[in-house]
Structures are given as C-alpha cells and as structure tokens.
Amino acid sequence: MNDRARVPFALVGVLLLLTSTTIATTTVLQPSEDAPAIEDAMDGAAAAAVTELRGAADSAATDAAIAPVTDPADTVAGRALNGSQPFRDALRLRIYLRAAERLGSVETTRGPVTASASLPPVEATTEGYRRAIERVAIGRTGEDDAAMAVRIENVTLAATRDGRTVSTDERSPRFVVSTPALLLHDRTERFETRANAPVTRPGLGRRVTARLYPIAWA
C-alpha cells in the first residue's frame, strides 16, 4: 500500500519541475522583438541630430561674422555674456538657440519605434542664457586653425512606441565646421590690441615711434 502511494507523488514532482523549467526558459530567455528597431531608430536620430547641429553651428558662425558682438548690451541676454570674451559667448549662445530649434525636426522611424532628439529649453533669464552658453564649447582646429570645433552637451535622444517612451540616451556630440569665423575674429582682435597699444608696449605705436624718431632727430 505504501509503495503504490509513492508513485503518483514522484510523477507530480517531475511534472512540476519540467513545467517550471519550461516557463522560466520561455519568459526569461525570450528576447525583445523591438530591440533592433529601438537601436536602429536611436542610431538614425543620432546621425540626423549631428547633421542638424553642424548646420546650426555654421549658420550661427556666419551671423556672428556679419554682426559680431564686441560690447555686451545691457539686456537679459547681454548680461549673460562674459565681458572679456563677448564675441565667443554670443556665438555659443547663437549656436545653442539655433541647435535647439533645428533639433525639433529630427525624427527617425523604424517599424513601430520613433526616435527624436532635443536640447533642454532655454529660460529667458540671465541665468537661463548663461546655462545655455555653458553647454556649448568652441575652439579653433584644422589646418592653420581655420575651422571651428564644437561640442554641445545634453542632447537627449528618446525612442517611443505607441506614445510611450521605451528608451532615452543623453549625449554630447563633437563635430567640426568649416568656418573661419573664430580665426578672423582672433586676428581682428589681435590687430586692434596692437594698434591701440601704448609706445611702451609692442604694437603699432612703438613701431611708428621707432621709425619717426630718427627722422625727428635729424
């Protein structure tokens, strides 16, 4: 009687073990079907974002060369500029505002997934403009330092499916723009500094004085 009672319990144990193993394998090891679509959409949005950022930087540099800011105005935005480098800070702010605007058109779709790019909005205060300026870094690069290297922080990529966010990623793209705006500004600034220098310092005044002195003495 005891032997006949043990067989059903053993079979039940084996069945439970097999069932739990099958369920675990099905639920844990099954990969997400949308993973490739999410990755492709994010990569596409990242590439499109860099293209728009490069265009924004080039456009902002052109505007800065046409209408350079050399003396900050007494306005909300003007007070956000560093008085020792108003041209560069104004250019950085121009780049950020133009970049935020152009990223609004970035959208890449892969299957059921759509990815977009954005920058934090700018608060219309001196502190808000200053934060925008600090998110942009610029410098001269390339042959003869004639190009401009740019880095923009806090670019957010977001992937959505059925109106729900499924993935986000924050990046700081770096790229180069073929514009001599910084080079021309630095050369102009150096010329003005030397032209306005007193005769006691190297510059135009000292050179003119050195040439005129022998003539006056004679």
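Computed from heavy atoms alone, side chains included, the values below leave out hydrogens, waters and symmetry copies. These numbers were taken from a predicted model, which means no experiment stands behind them.
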K.L.:
With side chain to side chain contact (heavy atoms under 4.5 Å, CB included) as the criterion, how do Val150 and Arg174 come out once you've worked through the C-alpha distance, each side chain's angles and the decisive distance to 0.1 Å?
P.N.:
CA-CA 6 Å; Val150 183; Arg174 300 171 182 265; over 6 Å; no
K.L.:
Are Val106 and Phe175 linked, directly or through intermediate hydrophobic residues, by side-chain heavy-atom contacts shorter than 4.5 Å (ILVMFWY only)?
P.N.:
yes
K.L.:
Rounded to the nearest 0.5 Å, what's the gap from OG1 on Thr156 to CZ on Arg171? Could you check?
P.N.:
11.0 Å
K.L.:
Measure across Pro72 and Gly78 and return the closest heavy-atom pair with its distance rounded to 0.1 Å.
P.N.:
CB-O, 3.6 Å
K.L.:
Taking all heavy atoms of Ile138 and all of Arg88, pick out the closest pair and write down the distance.
P.N.:
CD1-O, 3.9 Å
K.L.:
I need the minimum non-hydrogen distance between Ala80 and Asp89, along with the two atoms involved.
P.N.:
O-OD2, 4.4 Å
K.L.:
Could you tell me the separation between the CG atom of Leu103 and the CD1 atom of Ile152, rounded to the nearest 0.5 Å?
P.N.:
7.5 Å
K.L.:
Are the side chain of Arg92 and the backbone N or O of Ile133 linked by a donor-acceptor pair below 3.5 Å?
P.N.:
yes
K.L.:
Before giving the answer on salt bridge (charged side-chain N to carboxylate O under 4.0 Å, His left out), spell out for Arg94 and Asp63 the whole-Å C-alpha distance, their side-chain angles and the decisive distance to 0.1 Å.
P.N.:
CA-CA 9 Å; Arg94 279 171 161 159; Asp63 291 345; 5.7 Å; no
K.L.:
Can you see which heavy atom on Leu81 is nearest to which on Ala90, and at what distance?
P.N.:
CD2-N, 3.7 Å
K.L.:
Can you tell me how far the CG atom of Asp145 sits from the CG atom of Leu182, to the nearest 0.5 Å?
P.N.:
10.0 Å
K.L.:
When you group the ILVMFWY residues by side-chain heavy-atom contacts below 4.5 Å and let the links chain together, are Leu97 and Leu91 in the same group?
P.N.:
yes
K.L.:
Considering only heavy atoms from C-beta outward, does the side chain of Arg135 approach that of Pro120 to under 4.5 Å?
P.N.:
yes
K.L.:
Please give me the minimum heavy-atom distance between Ile38 and Ala159, naming the atom from each residue.
P.N.:
CG2-CB, 4.2 Å
K.L.:
With a 4.0 Å cut-off, would you call Glu134 and Arg130 a salt bridge?
P.N.:
yes
K.L.:
Give, for atom CD of Gln85 and atom NE2 of His185, the distance between the pair rounded to the nearest 0.5 Å.
P.N.:
9.0 Å
K.L.:
With rounding to the nearest 0.5 angstrom, report the CG to CG distance, Asp58 to Leu53.
P.N.:
12.5 Å
K.L.:
Are the side chains of Met148 and Ile95 in contact, using a 4.5 Å heavy-atom criterion?
P.N.:
yes
K.L.:
Has Ser105 got a side-chain atom pairing as donor or acceptor with Arg102's backbone, closer than 3.5 angstrom?
P.N.:
yes
K.L.:
Is Thr165 reaching over with its side chain to a backbone N or O of Thr160, donor-acceptor style, under 3.5 angstrom?
P.N.:
no
K.L.:
Show the nearest heavy-atom pair for residues Ala45 and Ser116, with the distance to one decimal.
P.N.:
CB-N, 4.4 Å
K.L.:
Are Tyr96 and Val176 in one and the same hydrophobic cluster, where Ile, Leu, Val, Met, Phe, Trp and Tyr link if side-chain heavy atoms are under 4.5 Å apart?
P.N.:
no
K.L.:
Test your reading of the model: is there a side-chain donor-acceptor pair from Asp162 to the backbone of Arg164, 3.5 Å cut-off?
P.N.:
no
K.L.:
Hydrophobic cluster membership, with links at side-chain heavy-atom distances under 4.5 Å among I/L/V/M/F/W/Y: are Phe87 and Leu183 in one?
P.N.:
no
K.L.:
Just verifying a value: how many Å separate Thr109 OG1 and Arg161 CZ, rounded to the nearest 0.5 Å?
P.N.:
13.5 Å
K.L.:
Taking side chain as C-beta onward, heavy atoms only, is Val113 less than 4.5 Å from Met42?
P.N.:
no
K.L.:
Using a 6.0 Å cut-off, check whether atom CD of Glu39 has over 12 heavy atoms from anything other than its own residue.
P.N.:
no
